[in-house]
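Take a look at the structure below.
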Amino acid sequence: MEIGTAFAEGRLTAYLTGELDQHEARRAMESMDELLEEYLPRDLVVDLSGLRFMDSSGIALLIRLSRRLRETGGRMWIENPAQQPKRVIDTAGIDRLIPVSVRKL
Amino acid sequence: MKAVNYIKLEFPGRSSNEALARAAAAAFALQLDPTLEELGDIKTAVSEAVTNCIVHAYPDTVGKIRMRLRVLEGGLLEIAVQDWGCGIEDLQRAREPLFTTGGEERSGMGFTIMESFMDKLRVRSRPGRGTTVVMQRRVRSRAERP
Ligand SMILES: Nc1ncnc2c1ncn2[C@@H]1O[C@H](COP(=O)(O)OP(=O)(O)OP(=O)(O)O)[C@@H](O)[C@H]1O
Ligand SMILES: [Mg+2]
């Protein structure tokens with residue numbers, strides 16, 4: 001999996017692409033930690049439009065990220081999840097913890 | 001029930017094999033002509049079952065995982081994932097949402113996801129001996145779909 005970024009006005013957008021499973025999750029978390037340290041964003045947007053597959057390993061990663069943002073007083077939300085990740089997110093019920101927004105592309 | 005077709009796969013529990021197991025299951029399921037959503041559900045359930053073997057059953061070793069897929073009469077897909085690892089002490093508790101022994105890197109949602117993405121989930125486990133997860137999902141034929 002790859003992570004692309006865009007940064008503007010204190011908001012970091014991370015574009016996760018590829019597949020996020022247990023094999024990829026640890027490296028993904030390390031990359032995200034590095035990005036958070038580098039940009040020190042107020043808010044974090046995790047864009048999942050390019051993520052083809054995600055399982056519960058991705059859920060744990062998203063929960064950890066949102067906790068980290070909350071610690072620094074920032075906000076985090078998920079944007080544009082593709083069909084399969086969306087079903088996993090809904091089933092895990094984390095949309096109650098982390099807002100999911102679908103933007104018209 | 002009679003099996004119309006089957007495959008058996010055995011592979012070492014390395015995390016790089018998670019993607020392989022998903023791809024193999026999806027390729028086998030294609031004979032039932034599933035929708036994209038059904039295919040996604042099948043891959044997700046397989047990923048959860050195989051990941052559990054890798055991270056929980058064999059925490060410190062690379063153990064053997066066996067996956068058996070069958071097509072049963074009536075468009076029923078059955079997936080069995082077996083390990084010979086540590087086993088589960090309290091199955092009922094393990095299947096509860098959010099229950100995990102895996103710490104921060106896990107969310108405790110694996111069984112919940114398998115249960116809701118498949119029609120049936122059966123788990124057999126013996127502490128010290130291993131665990132078998134058997135899942136079934138009916139894939140409707142094109143003619144039956146709305
Ligand atoms: N194959 C297995 N061998 C031994 N223990 C298992 C196995 N599968 C599951 N377990 C136990 O059951 C618990 C719940 O499993 P489940 O998949 O629901 O959540 P998890 O793996 O902890 O987290 P997640 O799946 O969200 O990453 C695990 O934490 C583990 O203790
Ligand atoms: Mg699990």
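The figures that follow rest on heavy atoms only: side chains count, while hydrogens, waters and symmetry mates do not. Convention: sequence-line order gives letters A, B, ...; per-chain numbering from 1.
- With a 4.5 Å cut-off on non-hydrogen atoms, A:Arg52 does not touch chain B at all.
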Practice problem: Kindly indicate, with the supporting measurements, whether the criterion side chain to side chain contact (heavy atoms under 4.5 Å, CB included) is fulfilled by A:Gln22 and B:Glu105. | Solution: CA-CA 9 Å; A:Gln22 193 262 137; B:Glu105 283 179 25; 5.7 Å; no
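- Using a 4.5 Å cut-off between heavy atoms, B:Val50 makes no contact with chain A at all.
- When hydrophobic clusters are built by joining Ile, Leu, Val, Met, Phe, Trp and Tyr residues whose side-chain heavy atoms come closer than 4.5 Å, directly or via intermediates, A:Leu12 is grouped together with A:Val46.
- Using a 4.5 Å cut-off between heavy atoms, B:Ser16 touches chain A through backbone and side chain atoms alike.
- A:Asp55 has no carboxylate O lying under 4.0 Å from a charged side-chain N of B:Lys43, or vice versa, which leaves the two without a salt bridge.
- Heavy-atom minimum distance, B:Glu18 versus A:His23: OE1-N, 3.1 Å.
- A salt bridge is absent between B:Glu37 and A:Lys86: the closest approach of a Lys/Arg side-chain nitrogen to an acidic carboxylate oxygen does not fall below 4.0 angstrom.
- When all heavy atoms are compared, the tightest approach of A:Ser56 to B:Ser107 is O-OG, 3.6 Å.
- Under a cut-off of 6.0 angstrom, the local environment of CD in B:Glu144 is crowded, with over 12 non-hydrogen atoms contributed by other residues, nucleotides or ligands.
- In this structure, CD1 on A:Ile59 lies 11.0 Å from OG1 on B:Thr112, to the nearest 0.5 angstrom.
- Within a 6.0 Å sphere centred on CD of B:Glu10, other residues, nucleotides and ligands contribute more than 12 heavy atoms.
- Cluster annotation: A:Phe53 and B:Ile113 are assigned to distinct hydrophobic clusters (Ile/Leu/Val/Met/Phe/Trp/Tyr, side-chain heavy-atom contacts under 4.5 Å, transitive).
- Interface remark: B:Asp41 contributes side-chain atoms only to the contact with chain A (heavy atom separation under 4.5 Å).
- There is a path of hydrophobic side-chain contacts, each under 4.5 Å, that joins A:Ile3 to A:Phe7.
- Neither the backbone nor the side chain of B:Arg14 comes within contact range of chain A; no heavy atom of the residue lies under 4.5 Å from a heavy atom of that chain.
- Around atom CD of B:Glu89, no more than 12 heavy atoms belonging to other residues, nucleotides or ligands sit under 6.0 Å away.
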Quiz item: For A:Gln84 and B:Leu39, what are the C-alpha separation, side-chain angles and deciding distance, and is it a side chain to side chain contact (heavy atoms under 4.5 Å, CB included)?
Solution: CA-CA 9 Å; A:Gln84 188 275 343; B:Leu39 217 46; over 6 Å; no
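- For B:Arg93, the CZ atom counts as loosely surrounded, since its 6.0 Å shell holds 12 or fewer non-hydrogen atoms of other residues, nucleotides or ligands.
- Other residues, nucleotides and ligands contribute at most 12 non-hydrogen atoms within 6.0 Å of the OH atom of B:Tyr6.
- No side-chain heavy atom of B:Thr44 sits under 4.5 Å from any side-chain heavy atom of A:Arg87.
- Taking a 6.0 Å sphere around CD of A:Glu2, one finds it holds 12 or fewer heavy atoms contributed by other residues, nucleotides or ligands.
- In this structure, a donor-acceptor pair under 3.5 Å is present between the side chains of A:Ser57 and B:Arg106.
- For A:Ala25, no part lies under 4.5 angstrom from a heavy atom of chain B.
- Surrounding CG of B:Leu30 are more than 12 heavy atoms belonging to other residues, nucleotides or ligands, all under 6.0 Å away.
- For A:Thr91 against B:Met109, the heavy-atom pair with the smallest separation is O-CE, 3.9 Å.
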